[in-house]
There are 2 protein chains.
Amino acid sequence: MSNGQTGIPATIRDVAKEVGCSIATVSSVLNGRGRISDATKEKVREACKKLGYFPNAAGRNLRNRTTENIGILFYPSCARIFSNIFYSEMMAGLEEELTKANYNLLLAGYDISTNSSDLPKFIREGSVDGVIMLGGCPDEFKQQLADVPLPFLLLDTNLEGMPVDSIITDGFQAELMAVDYLVKQGHRRIVMFRHRHENYNEEERGKGFLAGAKRHGLENEADVIRVATNDEAVEKIKELMKDETPVTAITAVNDDMAVDIMHRLQLDGINVPDDISIIGFDDIKLARDAIPPLTTIAIDKKRIGKEGAETILSRIKDPGQPTRKIMIPTSLVVRESVKSL
Amino acid sequence: MSNGQTGIPATIRDVAKEVGCSIATVSSVLNGRGRISDATKEKVREACKKLGYFPNAAGRNLRNRTTENIGILFYPSCARIFSNIFYSEMMAGLEEELTKANYNLLLAGYDISTNSSDLPKFIREGSVDGVIMLGGCPDEFKQQLADVPLPFLLLDTNLEGMPVDSIITDGFQAELMAVDYLVKQGHRRIVMFRHRHENYNEEERGKGFLAGAKRHGLENEADVIRVATNDEAVEKIKELMKDETPVTAITAVNDDMAVDIMHRLQLDGINVPDDISIIGFDDIKLARDAIPPLTTIAIDKKRIGKEGAETILSRIKDPGQPTRKIMIPTSLVVRESVKSL
DNA sequence: ATTGACAGATAAAACGTTTCACCCTATGTT
DNA sequence: AACATAGGGTGAAACGTTTTATCTGTCAAT
C-alpha cells in the first residue's frame with residue numbers, strides 16, 4: 001500500500017519471501033512470540049514496512065476465534081440515539097477506550113437489524129467478541145438474551161435482578177439530592193415531572209424524588225410526581241402555581257424536558273427562577289446554554305462509556321466472573337434556575 | 001444457540017453430519033448454487049434451524065475476500081459527529097440501506113483511530129469493503145487517500161477536482177434562493193454570517209450568497225459576508241441595524257448559528273422578525289422548535305445517507321466506473337422568522 | 001567423546017467457508 | 001449397444017493467519 005504496490009495487499013507469505021524465512025518466523029516476530037534473533041526481527045519489520053503489510057483480519061479471526069470487534073446495539077435505532085446528544089459523550093468514552101484496546105466498533109440499530117426476530121447479523125455470524133446495548137433493553141430482547149453466546153453489557157440502563165453487566169447512574173441519590181437542595185433553599189411545595197416513557201432511569205429518578213419528598217415530610221402534598229408531556233406539564237404548572245400553597249419549584253426528569261418547559265413558561269410571561277425554580281437532569285450542553293443556565297444533575301457521561309469499555313473487555317477476558325452492576329455517581333450543578341426563598 | 005446448544009456455535013460440518021451429506025452440499029443450499037434436490041434442501045434448512053447454524057463471518061470473509069462491512073470514518077471524531085444532530089438522519093439513511101444490503105457498519109473517529117499517521121485499523125487490516133467519510137476530509141488524509149485500496153466515498157463534503165465519489169448538497173443554489181426570497185420580501189440590505197471554519201459547505205453557501213447579492217445589485221454594499229463567532233455576529237448585527245441603510249435581514253450558514261443569534265438578539269430586546277429577519281440552513285429540529293419557527297433551507301439528510309449507501313455499494317460492485325458527484329437539491333422552508341417589508 | 005541445553009527457525013495443522021472439477025447414476029437418443 | 005445429457009452430489013483446495021511440535025546446529029559441561 002504505502003509505496004504504490006499493486007492493489008492487492010501483501011500477505012504474510014510475501015513478507016516471508018522478501019525476508020527469506022518461513023511465515024512462522026514472520027508471525028512470531030509480529031506477535032512477539034518464539035525465539036527469533038534480533039537481526040531477523042529487524043529484517044522482518046523492514047519487509048513489512050516495505051510491502052505495506054498488515055495482518056489480514058479475516059485470517060487472524062478465523063485462526064484465533066476472536067474478532068477484535070465490539071458490537072454496539074442501539075435501541076431502538078441508531079438515528080434515535082445519535083440525535084440524542086446525551087449519548088454522544090458516552091460513545092466518545094467507549095470509542096476512546098475500545099480503540100485504545102485495539103477493538104473496532106460495529107454498529108446496529110436493534111429494530112432495523114433484527115427483523116424476523118433474528119439476532120442482529122453481527123451477533124449471528126460471530127463478527128463481534130462482545131455486545132454493548134445502549135438506549136434501553138426491550139422486552140423482546142430479554143428473552144433472546146439467553147441465546148446471545150457472547151459477553152453482553154447494558155449501558156445506562158439495568159435489568160434488575162438479572163445477571164447482566166450494567167453501567168448505571170445513581171438517579172435515586174441524585175433526585176434525593178435535588179430535593180434536599182430545593183428544601184434547603186426554602187422551597188416547600190415541589191413537583192417532579194416525568195414522561196410516560198417506562199424506563200429504568202425514569203423509574204429510579206422518580207423513586208429518588210419520592211424518597212426525598214418523604215424525608216422532608218412533603219409527601220402528603222399528593223401527586224408529587226406528575227407524568228406528562230411537556231405541553232401538559234406547562235399547563236399543570238400554571239395551575240399549581242395558583243394553588244393555596246403554590247408550587248415554587250419543579251424538577252424535570254431530564255434537561256430536555258426542563259429547558260423546554262422553562263422556555264414555554266417564559267413565553268407565557270412566567271419568570272425563571274423568580275416565579276418558579278427548575279432543576280433538570282443530565283447536564284447536557286442545552287442546560288449550560290439555556291437562559292438562565294439550568295441548575296441540574298450532572299452525569300459523567302464519558303465515564304459511563306469508559307467503564308463500559310473496561311467492563312466488557314474484562315468480561316471477554318474472563319467470562320466466568322461475577323456480574324457487575326457499576327453505579328456512576330452524580331453531582332448537583334448549581335446554576336441560575338433555582339431561587340432561594 | 002436457539003435451543004440451548006452448548007456455547008460453541010455449530011459449524012457447517014455439524015450441519016452436514018446432521019443431514020448426512022457433505023459440507024459442499026450444505027454450502028450449495030445456503031448459497032443457492034449447484035444442483036440440489038428439493039428434499040435435500042429441506043433437510044439442510046431444518047438442520048440449520050435445529051442447530052442454530054449461521055455461516056461464520058470470518059470463514060466466509062477469508063474465502064470470499066469480502067467482509068460485508070462498510071467503514072464509517074468520522075472527522076474529526078465520533079463524538080463531534082454524534083453530538084451534531086445534523087448527522088443523525090444521514091446515519092439513519094446509511095444504516096437503513098446498508099443493513100438492507102446485508103452490510104454491517106464499522107465506526108471510527110479519524111483522529112483517534114489514526115495516531116502515528118497510520119490508516120484506521122479497519123482499513124489497514126482489510127476489515128471493510130468500503131469506506132465512507134463524514135464530517136469533512138482533513139488535508140492529512142488527502143495524501144493517504146491514494147493508499148486506501150478500497151472504494152471510498154465522501155458524504156456531505158467534496159474534494160473539488162479530485163476523482164473521489166461525493167454526495168453533496170447544493171449550497172450554492174440554496175443561498176441564491178434565499179437571497180431571491182429575501183429580496184422578493186422587500187429586503188434591500190442583507191448580510192450573511194458564517195464561521196471561521198473552512199469547509200466545503202461553508203464555501204459553497206458563501207459563494208451562493210454572493211452570487212445572489214450580485215444578481216440583485218446588492219454587492220456594492222461592501223462586506224456582504226461576515227465571518228464571525230455567534231457573539232461577534234450579534235454585536236455586528238446591532239451595529240449594522242443602526243446604519244443609514246440598516247440591515248433588515250441576515251442569513252446564517254446553518255441553523256445552529258441562526259437560532260443562537262436569534263435568541264441572543266431577542267434577549268437584547270430585538271424582535272425577530274419584526275426588527276430583523278433571519279434565514280438559517282439545514283432545517284434541523286432546532287429550527288422547527290425555535291420561537292419564532294425559523295425560515296431555513298431544508299436538506300433531505302436521510303436521502304444523503306441513502307444515496308451514499310447506494311453509491312458505495314455500486315462502486316464495490318464495479319470499482320472501475322467513473323467518479324460520481326451527486327448533488328442533492330435543497331428547498332426553502334418558509335416559517336416565521338422573515339418579515340415581508 | 002558424549003550428553004544436555006538452548007537458540008533459532010520451520011513444517012504442518014487448524015480455524016470455517018466456498019467453489020471448481022469431478023464422479024456416479026439414471027434417463028433419453030441414436 | 002453405444003453414447004450423450006442431465007441431475008444430484010462430493011473431495012479437495014484455497015483463503016491468511018497462529019501455534020505446536022519438531023528439527024538443526026552450537027556450545028558448555030561432563
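Proteins get letters first, then strands, A, B, ... in listed order; numbering begins at 1 in each.
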Check: R63(A) side chain, dT17(D) base, donor-acceptor under 3.5 Å: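 No, the side chain and the base share no sub-3.5 Å donor-acceptor pair.
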Which nucleotide in the list [options] gets nearest to the side chain of [X]?
{"X": "R13(A)", "options": "dT18(C), dT10(C), dT17(D)", "answer": "dT17(D)"}
{"X": "A24(B)", "options": "dG16(C), dT10(C), dT19(C)", "answer": "dT19(C)"}
{"X": "S22(A)", "options": "dT18(C), dT18(D), dA11(C)", "answer": "dA11(C)"}
{"X": "T11(A)", "options": "dT18(D), dT17(C), dT17(D)", "answer": "dT17(D)"}
{"X": "L62(B)", "options": "dG16(C), dT17(D), dT18(C)", "answer": "dG16(C)"}

So, does [X] get its side chain near the phosphate of [N], meaning an N or O under 4.0 Å from OP1 or OP2?
{"X": "N31(B)", "N": "dT18(C)", "answer": "yes"}
{"X": "R65(B)", "N": "dT18(C)", "answer": "no"}
{"X": "N56(A)", "N": "dT17(D)", "answer": "no"}
{"X": "T25(B)", "N": "dG9(D)", "answer": "no"}

Helix axis bend for the helix from dA1(C)-dT30(D) to dT30(C)-dA1(D) - C1'-based end axes, five pairs, 10° rounding: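 The two end axes of the helix from dA1(C)-dT30(D) to dT30(C)-dA1(D) meet at 70°.
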Please report, rounded to the nearest Å, how far the [atom2] atom of [N] is from the [atom1] atom of [X].
{"X": "D14(A)", "N": "dC15(D)", "atom1": "CG", "atom2": "C1'", "result": "13 Å"}
{"X": "N64(B)", "N": "dG16(D)", "atom1": "CG", "atom2": "P", "result": "12 Å"}
{"X": "R60(A)", "N": "dC15(C)", "atom1": "CZ", "atom2": "C1'", "result": "14 Å"}
{"X": "I23(B)", "N": "dA13(D)", "atom1": "CD1", "atom2": "P", "result": "13 Å"}
{"X": "F54(A)", "N": "dT17(D)", "atom1": "CZ", "atom2": "C1'", "result": "16 Å"}
{"X": "Y53(A)", "N": "dG16(D)", "atom1": "OH", "atom2": "C1'", "result": "7 Å"}
{"X": "R124(B)", "N": "dT17(D)", "atom1": "CZ", "atom2": "P", "result": "14 Å"}
{"X": "I12(A)", "N": "dC15(C)", "atom1": "CD1", "atom2": "P", "result": "19 Å"}

N61(A)-T67(A) side chain donor-acceptor pair, cut-off 3.5 Å: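 T67(A) and N61(A) do not have a side-chain donor-acceptor pair below 3.5 Å.
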Between [X] and [Y], is there a donor-acceptor pair closer than 3.5 Å when you use the side chain of the first and the backbone of the second?
{"X": "S27(A)", "Y": "I23(A)", "answer": "no"}
{"X": "T99(B)", "Y": "E95(B)", "answer": "yes"}
{"X": "D318(A)", "Y": "G320(A)", "answer": "yes"}
{"X": "N64(B)", "Y": "T66(B)", "answer": "no"}

For DNA chain C, the residues among residues 32-47 of chain B that have a non-hydrogen atom under 4.0 Å from it: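 R33(B) - these, ordered by number, are the residues of the stretch whose heavy atoms sit under 4.0 Å from the strand.
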Ring centres under 6.0 angstrom apart (F141(A), Y110(A)):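 Close enough - the centres of the two rings lie under 6.0 Å apart.
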Shortest non-hydrogen separation from T11(A) to Y53(A) and the atoms involved: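 That would be C-CE1, 3.4 Å.
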Side chains of E89(B) and R303(B) in contact at under 4.5 Å (non-hydrogen atoms):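 Side chain of E89(B) against side chain of R303(B), heavy atoms only: no contact under 4.5 Å found.
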Any side-chain heavy-atom pair of I72(A) and L134(A) under 4.5 Å: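 Contact flag for I72(A)/L134(A) side chains = yes.
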Partner set under side-chain contact (heavy atoms from CB on, under 4.5 Å) for T311(A), not counting sequence neighbours: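 Residues passing side-chain contact (heavy atoms from CB on, under 4.5 Å) with T311(A): L153(A), D165(A), I167(A), R324(A), I326(A).
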